[in-house]
Novice: 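Take a look at the following structure, please.
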Amino acid sequence: MHTGSPTARTSLTVLALVAAICALIIGGAGSAFAHAGLSGSDPAEGTVLKTAPKQVTLTFTESVTFADGSLRVLSPENERVNPRPAQHADGKENTARVDLSDKLPQGTYTVAWRVVSADGHPISGAFVFSIGKASDTAAVVATGSPEETTAGRLYGFLRYIAYSGLALLVGAAAFVLVCWPEAGAVRPVRRLLAVGWVALMVSTVALFLLRGPYETAGSVTSAFDLSQLGRTATGRPGAALIARLVLLAVAAVLLRRWAVRLDRHDDGSPPEELGARARLTGAVLAVALAFTWASAEHASAGIQVPLAIPVAVLHLLAMGVWLGGLITLVILLRRRGPGSRDIPALAIGRFSALAFTAVAVLVGTGMYQSWRQVGSWEALSTTSFGRTLAVKIAAVVLVLCAAFFSRRWTGRLVREASPAAETQEVPEPEPARVMQTVGAPPSPAGTDPGSTSDASAGGELSDSIEPPVFEVSGYRRSLRRMVAVEFALGVGVLAITTLLTGTQPSRAATVVTPSASAQEPQAKVVTVPFDMGTANHQGTVQITLSPGRVGENTVEAVVFTSDGGLATVPELRLTLTQDDLGIGPLDARLKNQKGFWAAYDLRLPMPGVWTLNITVRTTDIDQVTVRETVHIT
């Protein structure tokens, strides 16, 4: 049976492979959720239990996955008291549960967790609960961001390299296939394609190796742990990275084959058919590569996932076509040397139209992604994701300004150096007709009767046609400078985009309940007036409890005079009671710090409303006690 040409069979094979890979990723994706946060726990944070619990259960806002050490319960002596790894509670994907050892002693226990959201980013946190009564604890857990480990920083850098490689590969290929096919024979453009492919391949392999340490906060040296690599390969981010490697291998074969055919010109297919087939195959490969990002990051989690994934694919492709095409254009505009010719203005005009379309797609898809991940105008200024996005928007505005001027210079260049002007040939001058009478003597020896070298008095006509001369170097220099500026700004936008991919979206951040937030809570500040009934013995006391939560707190007390100035008192005492439960008084043991009073180890065992009893002594015989309440979470 006839199956078509080898090129056609190759294209069909690529299409089938891409479809199979996409089906594999989609089929194994399961439900898609957002960047998770802790929404509750049992036991609750800060509680004091009369008897030891049998298990600890955490509930997250969205689906999570975890490794063996993702959830640890530590005793006051910093010993692990959950003998087995975490499991989902009752089959719910947004929960994590561990069983506890029997006969746990009294004291304060620390629960430390680190899980992976459905969008592939790790989240972590810790809280305490007590059995019988609160106590000191030797447990120490990491309080920094999951991205601040060595593996996390390296993973973020490699993610940027991967985006850059995609931009170079997609942009240079699009320029060759759409704008100027002859650029495929230019050595710097081929080198650009090779650099993009190598950067994407190497970064993808490194990302796969570092995925385990990135998720578990392990050391970089554990990247080659076989059990960890096996767990990475079975997860959705790992499957996407494997699919990307397969697609890059296919792209390498096709790039090599197309380069050989371009060099030898030995393909029997019509050029138009080969170009259309190459563009189709390249477009399918580009879409599949972009899909390996969209299927495993922010687009795969949250609301409207079926719409968000194709929008993210378009966003990535538009970024690659625009940014990678810009650097290709810069290289071609700067190209000099023997045997090289300038890029035609028609090709520049084609890229200008392509880049305009790409930027329009970037803006449109970016607006949708911003709405989807931020959720409100307020979140632009109150969340880390929103503030970073605002910086990106400002950078994009600068890029659009640079693109406007680039497009103006391109328009001038295309209008002046039209294809007809660039390819116009100087016509051979027609021989001038010389009027002679019959029988006239022949022309002088060596002189052609139709020569136009000299004008004869006998009515000889002479005409010389000069080729049109047009100087476009000035336009090209201006365009080259503006494109370089646009490219530099685009690199900045790409860096900000990479930072955003590792930041929790604002919409997810606002879902987390305040009591379960891993961020440091605000301090509690109360101001209490006092009056001893005598002159110069009135003022206020300002008490600051930080963080104002169950557990260890820092207390700072400042005394002010009636006119608002700082006052120095010989003694200041603070005790706390909780009348409902009959707890207290707890002495804060304030110490004079030469200007204010402070204690750094006040431990509050229970949440609720606490009464502050403040005793101010101004002289040996004058003192007063005032009271105020504060709510401890």
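Note that the numbering runs from 1 along the sequence shown for the chain.
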Novice: Does the side chain of Ser70 reach to within under 4.5 Å of the side chain of Pro85, using non-hydrogen atoms?
Specialist: no
Novice: Ala86 and Phe66: which non-hydrogen atoms are nearest, and at how many Å?
Specialist: O-CE1, 3.3 Å
Novice: To check you understand the geometry: which heavy-atom pair defines the closest contact between Ala162 and Leu200, and what is its length?
Specialist: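 That closest heavy-atom pairing would be O-CD1, 3.4 Å.
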Novice: Hey, could you give me the CG/CG distance between Leu58 and Asn94, rounded to the nearest 0.5 Å?
Specialist: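 Spacing of CG (Leu58) from CG (Asn94) equals 11.0 Å.
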Novice: Answer yes or no: is there a donor N or O on one side and an acceptor on the other, between the side chain of Arg72 and the main chain of Ala112, under 3.5 Å?
Specialist: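 No: the side chain of Arg72 does not pair with the backbone of Ala112.
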Novice: Using the side-chain contact (heavy atoms from CB on, under 4.5 Å) rule, take Arg231 and Thr65 through it: C-alpha gap first, then chi angles, then the decisive distance, then the call.
Specialist: CA-CA 11 Å; Arg231 186 168 56 250; Thr65 58; over 6 Å; no
Novice: Determine whether Thr150 and Leu154 make a side-chain contact, defined as any pair of heavy atoms from C-beta on separated by less than 4.5 Å.
Specialist: no
Novice: Looking at Val56 and Pro43, what are the two nearest heavy atoms and their distance?
Specialist: CG2-CD, 3.9 Å
Novice: Does Phe351 reach the side chain of Leu326, with side-chain heavy atoms less than 4.5 Å apart?
Specialist: yes
Novice: Can you list the steps and then say if Met201 with Leu245 is a side-chain contact (heavy atoms from CB on, under 4.5 Å)?
Specialist: CA-CA 7 Å; Met201 173 63 78; Leu245 292 174; 3.4 Å; yes
Novice: Look only at the side chain of Thr149 and the backbone of Gly152, and say whether a donor-acceptor pair between them is shorter than 3.5 Å.
Specialist: yes
Novice: I need the Ile242 CD1 to Thr204 OG1 distance, nearest 0.5 Å.
Specialist: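 The distance works out to 11.5 Å.
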Novice: Strictly by ring pair (Phe, Tyr, Trp, His ring centres under 6.0 Å), give each pair with a member in residues 229-248 just once, sequence neighbours left out.
Specialist: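 As it turns out, there is no ring pair (Phe, Tyr, Trp, His ring centres under 6.0 Å) pair with a partner in residues 229-248 once direct neighbours are skipped.
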Novice: List the atom of Leu166, the atom of Leu289, and the distance in Å for their closest heavy-atom pair.
Specialist: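 In this case the closest contact between Leu166 and Leu289 is CD1-CB, 4.2 Å.
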Novice: Does the plane of the ring in Tyr155 sit parallel, tilted or perpendicular to the ring in Tyr214? Use 30° and 60° as the thresholds.
Specialist: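 It falls in the parallel class, under 30°.
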Novice: Going from NZ on Lys54 to CG on Asp99, what distance comes out if it is rounded to the nearest 0.5 angstrom?
Specialist: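 Going from the NZ atom of Lys54 to the CG atom of Asp99 covers 10.0 Å.
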Novice: How far apart are the closest heavy atoms of Ser203 and Ile161, and which atoms are they?
Specialist: CB-CG2, 3.9 Å
Novice: I'd like to know if the side chain of Trp197 and the backbone of Leu169 have a donor-acceptor N/O pair within less than 3.5 Å.
Specialist: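 Checked: no pair found.
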Novice: Start with the C-alpha distance between Phe175 and Leu354, add both sets of side-chain angles, then the distance that settles side-chain contact (heavy atoms from CB on, under 4.5 Å), and finish with yes or no.
Specialist: CA-CA 9 Å; Phe175 196 99; Leu354 181 64; over 6 Å; no
Novice: Do Val111 and Ser41 have side-chain heavy atoms sitting under 4.5 Å apart?
Specialist: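 No, every pair of side-chain atoms sits at 4.5 Å or beyond.
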Novice: Are the side chains of Tyr109 and Val81 in touch, meaning some heavy atoms are under 4.5 Å apart?
Specialist: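 Tyr109 reaches Val81 side chain to side chain.
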Novice: Give a yes-or-no answer on whether the side chains of Arg244 and Thr292 include a donor-acceptor pair shorter than 3.5 Å.
Specialist: yes
Novice: Considering non-hydrogen atoms only, spot the tightest contact between Trp113 and Ala126 and give its length.
Specialist: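 For Trp113 versus Ala126, the nearest heavy atoms are NE1-N, 3.8 Å.
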Novice: In Å, rounded to the nearest 0.5 Å, how long is the span from OG1 of Thr57 to NZ of Lys92?
Specialist: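 If I round to the nearest 0.5 Å, the distance is 10.0 Å.
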Novice: Determine, stepwise, if the pair Thr216 / Gln228 fulfils side-chain contact (heavy atoms from CB on, under 4.5 Å).
Specialist: CA-CA 10 Å; Thr216 61; Gln228 198 164 243; 3.4 Å; yes
Novice: OG1/Thr95 to CG/Asp90 distance, rounded to the nearest 0.5 angstrom?
Specialist: 7.0 Å
Novice: Once you round to the nearest 0.5 Å, how far does CG of Leu362 lie from NE2 of His315?
Specialist: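 Taking CG in Leu362 and NE2 in His315, the distance rounds to 5.5 Å.
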Novice: Can you find a pair of side-chain heavy atoms, one from Leu280 and one from Val284, that are under 4.5 Å apart?
Specialist: yes
Novice: Do Ser39 and Thr59 have side chains that get closer than 4.5 Å, going by heavy atoms?
Specialist: yes
Novice: Please find out if less than 6.0 Å separates the ring center of Trp293 from that of Tyr163.
Specialist: yes
